Amino acid sequence: MAVALTLLTGGSPAAPAPQRLRWGPCPAEVAAPAGSGLQCTTVRVPLDYAEPAGRSVTIGVSRLAATGPGPRRGVLLLNPGGPGGPGTPMPLWFAAHVPASVRAGYDLIGFDTRGLFTSTPVSCRLSAAQLRHAPVSLPLPHRPFAATAELHRSIAQSCARHAGDLLPTMHTATIARDMDRIRRALGEERISYYGVSYGAHLGAVYAGAFPGRTDRVVLDSAPDARAGWWKALRAFGPGSQQRFPDLTAYVAEREAAYHLGATADQVSETYARLLAEAAARPKKVGQYTVDENVLRQITLQALFADASFPQLADVWRYLAHAPGAPDEAKAEKALVPLQAAVPLEPRIQQIVLPTTLAVLCQDTPWPRSVETYRRAQRHDAWRYPVAGAMTGNIWPCAFWPYRPQEPPWRIGGRGPRNILMLQNRRDPATPYAGARAVRKVLGHRAVMVDAAQGGHGVYGFTADPCANGAATAWLTRGTLPRTDLSCPARGTGR
């Protein structure tokens, strides 16, 4: 433990010699378009930082070189969240969604966390049923709670049998160490950083562990994981309730088009009716079967971005047989952008799910009593009907074979004032209250800019000029607001 902690904080033993990186075309799974300029390589890191001279694994890294004109600022390391989001394609997304002035001064660097995609892979060899139900933990339809618990027990057991010795090392503290090895391999004394959702938590951990190695840091939509990931995930319950009125107001204002209710309350009643009907009789929408769980998942997914509201309203309208409802083919087309929350790609889920679970289950302890989750499920289904039982439901973490290898790294205020936090006031997944708590513990190191809007993700995700302008000014000119800033609503906030 002492050795691992020393390595995390950047002290002795001595750092290894820098690696020589060989940049070249990216692997096929990165899906970089021809002519995009994205290059890839790998960085070798210890399997276990407590044994730095032991076996090593590789981390896939990508680079989109600074375009200029003007001086190069350095590197901007990116993480898309998840945990388990593919990081190597992220420079392309980021470059397309932020001002050219940011792109001009930084090499944009993506990376796949250990076990994921272009990094040394890991697999739990999960069955189709396990993949179908595990990514978002909802009760099995028409089955007792014990069946749901047994499914998640079987996932944990499969990971224990098949994932090997890489899996126990896949947690946030180790990923932060891997990030510093990437920094060294790039030959940079300090790195700038942008991370969203879980990526914001990872950035806060890195900034606390390596304060002298950070340049300009942006933490977008940060979860409060200090009390454990189960508590952080349960925040989706109140977060979705707070965000849902944005959706119902949007639909009600367009009653003439959707016929789902003329008031927000009427639209809410329509949603409750559709859930009950889907639970009793799932409905085919093209190639998809929409049961209660799928309907709830796509609704929660739509809350992430206002741009998803029209697609969801069309799916609701089809399911409700509302006047002017689209035909099945058009309803299926509307469903496609929303299915990101629904596990329809088994090959991808086989890669992502072990990474997600390894971080969530190994960062912090989880309750081991099945009854704890049964009570939480009932409570959350009653208190937060938009998300329902999902937030309190059981996860494989209740049966995970590995305990956290070390205490979670404490996020704190030691280090330079160089962190900008961004947050939507009505974020369904990482609510404002949690981000405020993280802001408080970061103390003088951070300043927070919140936007009076809904959705998950700010910079590059929304058009709010106040919050986006603050991020651009920080990354390009090194200018932080003097104090925390609340951006006003734009029009109706939608």
Side-chain angles (χ1 to χ4, degrees), residues 1-30 39-63 75 77-79 82-88 109-125 159-189 191 193 202 205-206 209-210 213 350-352 354-359 361-363 401-402 404-406 409:
M1 181 63 69
V3 173
L5 194 58
T6 299
L7 284 168
L8 180 56
T9 55
S12 60
Q19 301 175 43
R20 292 190 62 185
L21 299 182
R22 297 179 181 273
W23 296 98
C26 293
E29 55 263 43
V30 178
Q39 296 178 302
C40 287
T41 189
T42 57
V43 172
R44 192 159 291 278
V45 300
L47 170 68
D48 184 350
Y49 280 87
E51 300 179 5
R55 188 160 73 87
S56 62
V57 295
T58 57
I59 304 298
V61 179
S62 63
R63 179 181 68 180
V75 302
L77 193 65
L78 308 170
N79 185 273
T88 44
I109 305 295
F111 69 105
D112 292 328
T113 58
R114 53 174 59 202
L116 186 67
F117 290 106
T118 64
S119 298
T120 299
V122 69
S123 174
C124 292
R125 301 185 193 176
C159 286
R161 284 195 301 269
H162 301 300
D165 57 357
L166 177 59
L167 189 70
T169 73
M170 293 164 54
H171 50 84
T172 299
T174 302
I175 296 171
R177 297 178 176 102
D178 291 344
M179 287 169 57
D180 205 55
R181 288 298 179 96
I182 293 171
R183 176 194 62 77
R184 293 172 183 169
L186 293 171
E188 301 288 336
E189 282 195 21
I191 54 172
Y193 179 84
L202 174 62
V205 170
Y206 182 84
F210 301 95
R213 302 301 187 187
Q350 287 282 15
I351 299 168
V352 170
T355 305
T356 302
L357 292 176
V359 171
C361 300
Q362 294 167 185
D363 268 9
Y402 310 108
Q405 290 188 326
E406 56 189 283
W409 186 258

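Quantities reported herein were computed from a predicted structural model and do not represent experimental measurements.
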Discussion item. Could you walk me through whether L166 and M170 satisfy the side-chain contact (heavy atoms from CB on, under 4.5 Å) test, starting with their C-alpha distance in whole Å, then the side-chain angles of each, then the deciding distance to 0.1 Å, before giving a yes or no?
Written reply: CA-CA 7 Å; L166 177 59; M170 293 164 54; 3.9 Å; yes
What do the steps show when you test R177 against E406 for salt bridge (Lys or Arg N to Asp or Glu O under 4.0 Å), and what is the final call?
CA-CA 14 Å; R177 297 178 176 102; E406 56 189 283; 3.1 Å; yes
* Any chance you could lay out the salt bridge (Lys or Arg N to Asp or Glu O under 4.0 Å) test for D165 and R55, step after step, and finish with the verdict? => CA-CA 11 Å; D165 57 357; R55 188 160 73 87; 2.5 Å; yes
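Remark: side-chain polar atoms of D363 are not paired, donor with acceptor, to backbone N or O of H171 under 3.5 angstrom. Judged purely by atom type and a 3.5 angstrom limit, D112 has no side-chain atom pairing as donor or acceptor with the backbone of G60. The backbone N or O of C124 lies less than 3.5 Å from no partner atom in the side chain of Q350, so there is not a single donor-acceptor pair. Remark: the backbone N or O of L167 is paired with a side-chain donor or acceptor of Q362 at under 3.5 angstrom. A donor-acceptor pair under 3.5 Å is formed between the side chain of R114 and the backbone N or O of L47. Remark: side-chain polar atoms of T356 are paired, donor with acceptor, to backbone N or O of V352 under 3.5 angstrom. Judged by distance alone, with hydrogens and angles left aside, the side-chain atoms of E189 form no donor-acceptor pair with the main-chain N or O of R213 at under 3.5 Å. Proximity of a side-chain donor or acceptor of T88 to a complementary backbone N or O of F111 within less than 3.5 Å is not detected. Proximity of a side-chain donor or acceptor of T41 to a complementary backbone N or O of R22 within less than 3.5 Å is detected.
Side-chain atoms of Y49 and D178 include a donor-acceptor pair closer than 3.5 Å. At a cut-off of 3.5 Å, with distance as the only test, a side-chain donor of T120 or T58 sits close to an acceptor on the other residue.
Taking all atoms of both residues into account, the shortest heavy-atom contact from P46 to R181 is CD-NH1, 3.3 Å. Of all non-hydrogen atoms in S119 and G115, the two that sit nearest each other are CB-N, 4.1 Å. In this structure, P27 and T118 approach most closely via the heavy-atom pair CG-CG2, 3.9 Å.
Expressed to the nearest 0.5 Å, how far CZ of F210 lies from CD1 of I191 amounts to 9.0 Å. For the atom pair OG (S56) and CD (E51), the distance works out to 13.0 Å, reported to the nearest 0.5 Å. Taken to the nearest 0.5 Å, the CG atom of L77 stands 11.0 Å off from the CZ atom of R183. In this structure, CD1 on I351 lies 8.5 Å from OG1 on T355, to the nearest 0.5 angstrom.
Considering only heavy atoms from C-beta on, T113 stays 4.5 Å or farther from P83 through its side chain. Within the 4.5 Å cutoff, side-chain heavy atoms of L202 are placed close to those of I175. Residues V61 and T42 fail the side-chain proximity criterion, which asks for heavy atoms closer than 4.5 Å.
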